[in-house]
Amino acid sequence: MSSSDHPEVVLDGLGDWRSDCGCGTPRSSDIGREVTVLGWVDTRRDHGGIVFIDLRDRSGILQVVFDPDDDAEAHARAHTLRSEYVIAVRGKLAQRPPETLNTELPTGEVEVRAAEMKVLSASRVLPFSLDDEADAGEAVRFKHRYLDLRRPRLQKNLMDRHRATTAIRSYLDGEGFVDIETPILTRSTPEGARDYLVPSRVNPGSVYALPQSPQIFKQILMVSGYERYYQIVRCFRDEDLRADRQPEFTQVDIEMSFVGAEEILALTEGLLAAGAAAIGAPVPEAPFPRMTYDEATRRFGTDRPDTRFGLELVELSDLMEGAQARVLAQAVADGGIVGGIVAEEGHKFSRRELDETVAWAQSIGAKGLAWIRSTDEGWQSPLAKFFDEGEREKIEERTGLRKGGVLFLVAGPRKYAQGILGQLRLRLADMLGLIPQGQWNYLWVTDFPLLEYSTEAKRLVSVHHPFTSPREQDLRLLDSEPEKVLADAYDVVLNGTELGGGSIRIHRPDVQARVFSALSIDESEMREQFGFLLDALSFGAPPHGGIALGLDRLCMLWLGENSIREVIAFPKTQKAHDPMCDAPSPPSAKQLRDLGLKFT
Ligand code: ASP
């Protein structure tokens with residue numbers, strides 16, 4: 001048979017040829033063995049009449065030698081091979097001559113002397129090199145993802161990911177968890193994002209929502225008595241795609257009955273250790289350190305602090321009351337704060353870098369960022385003139401500002417100021433090279449507020465989701481001071497990245513109704529959206545709680561990758577597009593008619 005793309009290549013059938021040896025597996029102890037190997041031509045080299053092929057399959061690379069003295073026909077055909085042809089070779093494993101030993105390959109001491117070859121498939125010239133070092137852009141890599149996935153790095157990533165999920169499944173199985181599937185075509189599950197909607201043809205005018213998480217279903221499974229549920233499950237969130245988000249992503253989703261937070265934290269620590277060990281990442285030691293939300297935001301300006309370095313926030317609000325620097329004093333008078341960060345090595349920043357940092361702060365929403373440089377000549381700062389000697393001493397004492405350092409200040413409402421300083425902290429650490437590599441700081445953040453005021457929605461919203469239980473001792477504040485209520489919720493963080501989070505849930509319908517009402521969800525909306533959950537809770541719901549961990553992100557961090565797209569087989573671009581199959585795509589006129597839809 002002749003392939004139309006390669007008229008010169010005659011293709012063979014597979015027949016009864018089967019691989020009896022992975023390309024990456026033979027060692028010198030196998031020398032003399034007769035083998036059949038199948039795989040892709042990684043490279044071909046012609047040397048003085050002899051053809052060398054690096055043959056590749058998922059197990060690795062093996063050198064195949066076509067010598068006219070071994071088999072003239074195979075040798076002649078070897079000249080027609082090109083990169084990524086699929087071939088089958090039979091021959092004896094032999095010792096490589098000393099000059100061709102390759103200490104970098106596990107199979108580097110051996111080679112196959114080809115006695116027979118079949119060409120099973122040809123390949124067009126590749127649009128980019130499959131070499132890991134070669135740097136093709138994502139657009140072309142994603143368009144030809146089938147080729148991209150052949151690259152050794154991605155092969156390793158996906159196989160390691162498989163190892164991690166297998167270990168996680170077996171860990172959870174050992175802990176008595178049952179893997180139960182929940183619907184993909186369902187109704188909205190509030191996790192704070194927009195839903196992906198799927199119109200229903202047989203129910204004109206109605207839509208399904210793809211699950212943002214299986215939250216309600218896993219709780220219902222507890223009501224149904226399964227006690228320990230897990231699922232490695234796809235979730236869908238239609239968010240504006242910030243740097244490293246995917247519209248669909250995978251969670252390790254867990255729910256347990258008759259437990260408090262402690263059991264869930266311990267279980268999660270064990271799960272993370274099992275996954276890390278399977279993937280070859282350092283195994284974290286349990287128990288992980290813990291920090292309350294309040295402490296995390298005060299010290300680090302975020303609820304997912306990177307604790308690998310200092311640069312902690314300091315609060316100077318009391319020192320700024322009535323200060324001459326009006327902006328600072330006013331912020332405090334308005335009930336806000338003045339917070340700061342000292343970069344001890346701040347003398348390394350040029351004036352230009354300071355200006356750039358101010359401009360950067362504005363770009364992330366800061367109304368202002370002040371800086372004070374402490375030098376041999378005293379303070380250098382646009383603010384210097386507002387502070388006398390005594391005030392300067394107090395500020396230095398509070399913040400630890402010394403000669404050679406720079407103090408950055410942000411003033412405004414607490415959440416805003418902490419947020420800016422938290423991001424500034426990361427930027428400064430990066431600029432000053434303060435982030436240690438090879439350190440794995442796992443951390444629990446606990447005692448989150450249950451609710452927070454959203455200026456966008458103009459009402460209280462859930463910090464996690466509406467099914468999160470208030471701490472028992474805070475229940476009485478729910479109606480009078482709802483923002484003071486803390487939740488029985490926890491997030492797990494690794495080096496400043498949130499790995500996942502969960503909570504003890506509300507299992508009493510009356511408490512759930514009170515929380516809905518604190519969220520300004522009225523009776524009819526409550527019935528319409530969540531009536532089935534309230535009903536379920538009214539038929540003997542056990543106390544329960546759970547957690548979900550972002551599997552893509554976990555694998556990314558464990559494998560030292562910079563993007564979750566490197567650990568997902570078929571990711572989407574930042575515009576939620578799959579360039580390979582060109583999804584999303586416009587529906588046909590017939591599909592629209594069937595669904596009774598019209599685009600405007
Ligand atoms: N459903 C939550 C989420 O997807 C996790 C949980 O509370 O278990 O983030």
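Numbering of ligands and ligand atoms starts at 1, following listing order.
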Audit row: Asp253, Tyr229, side-chain hydrogen bond (donor to acceptor under 3.5 Å, both in side chains) steps and yes/no
CA-CA 8 Å; Asp253 198 47; Tyr229 142 97; 2.9 Å; yes
For Phe467 and Phe530, take the angle between the two ring planes, folded into 0 to 90°, and tell me which bin it lands in: parallel under 30, tilted 30 to 60, perpendicular over 60.
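If you compare the ring of Phe467 with that of Phe530, the planes turn out perpendicular.
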Please work out whether the ring planes of Tyr293 and Phe448 are parallel, tilted or perpendicular, with thresholds of 30° and 60°.
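It falls in the tilted class, 30° to 60°.
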Here's one to test your reading of the geometry: is the NZ or CZ of Lys218 within 45 degrees of the ring axis of Tyr230 and under 6.0 Å from its centre?
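No, a cation-pi geometry is absent between Lys218 and Tyr230.
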Looking at Tyr196, is Arg237 sitting on its ring face, NZ or CZ under 6.0 Å from the six-membered ring centre and within 45 degrees of the normal?
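Verdict for Tyr196: no cation-pi partner in Arg237.
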Atoms in ligand 1 flagged as close to [X], the criterion being non-hydrogen separation under 4.0 Å:
{"X": "Arg237", "value": "3 (C), 4 (O), 9 (O)"}
{"X": "Gln215", "value": "1 (N), 2 (C), 5 (C), 6 (C), 7 (O), 8 (O)"}
{"X": "Arg505", "value": "6 (C), 7 (O), 8 (O)"}
{"X": "Gly502", "value": "6 (C), 7 (O)"}
{"X": "Ser213", "value": "1 (N), 4 (O)"}
{"X": "Gln251", "value": "3 (C), 4 (O)"}
{"X": "Ala548", "value": "5 (C), 8 (O)"}
{"X": "Ile547", "value": "8 (O)"}

Ligand 1 versus [X], non-hydrogen atoms closer than 4.0 Å: side chain, backbone, both, neither?
{"X": "His464", "answer": "neither"}
{"X": "Glu498", "answer": "neither"}
{"X": "Gln212", "answer": "neither"}

Spacing of Leu451 atom CG and Arg459 atom CZ [to the nearest 0.5 Å]
10.0 Å
Measure the CG-OG1 distance between Leu221 and Thr182 for me, rounded to the nearest 0.5 Å.
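It is 7.5 Å, given to the nearest 0.5 Å.
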Taking 4.0 angstrom as the limit, do Arg514 and Asp510 come out as a salt bridge?
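Between Asp510 and Arg514 there is no salt bridge, as every charged N stays at least 4.0 Å from the carboxylate O atoms.
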Less than 4.0 angstrom from a charged side-chain N to a carboxylate O is my criterion; do Asp552 and Arg161 meet it?
yes
Sequence-distant partners of Ser469, side chain to side chain donor-acceptor pair (under 3.5 Å), two or more places apart:
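Counting only residues at least two positions away or on another chain, Ser469 forms no side chain to side chain donor-acceptor pair (under 3.5 Å).
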Checking the N or O distance criterion of under 3.5 Å, is ligand 1 in contact with Lys218?
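Among all N and O atoms of Lys218, at least one is under 3.5 Å from an N or O of ligand 1.
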Within less than 4.0 angstrom of ligand 1, does Glu255 place any heavy atom?
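The answer is no, since Glu255 has no heavy atom less than 4.0 Å from ligand 1.
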With the threshold set at under 4.0 angstrom, would you say Gln219 reaches ligand 1 through any of its heavy atoms?
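Under 4.0 Å: no for Gln219.
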Among protein heavy atoms, which sits nearest to atom 2 (C) of ligand 1, and what does the distance come to when rounded to 0.1 Å?
Glu191 OE2, 3.4 Å
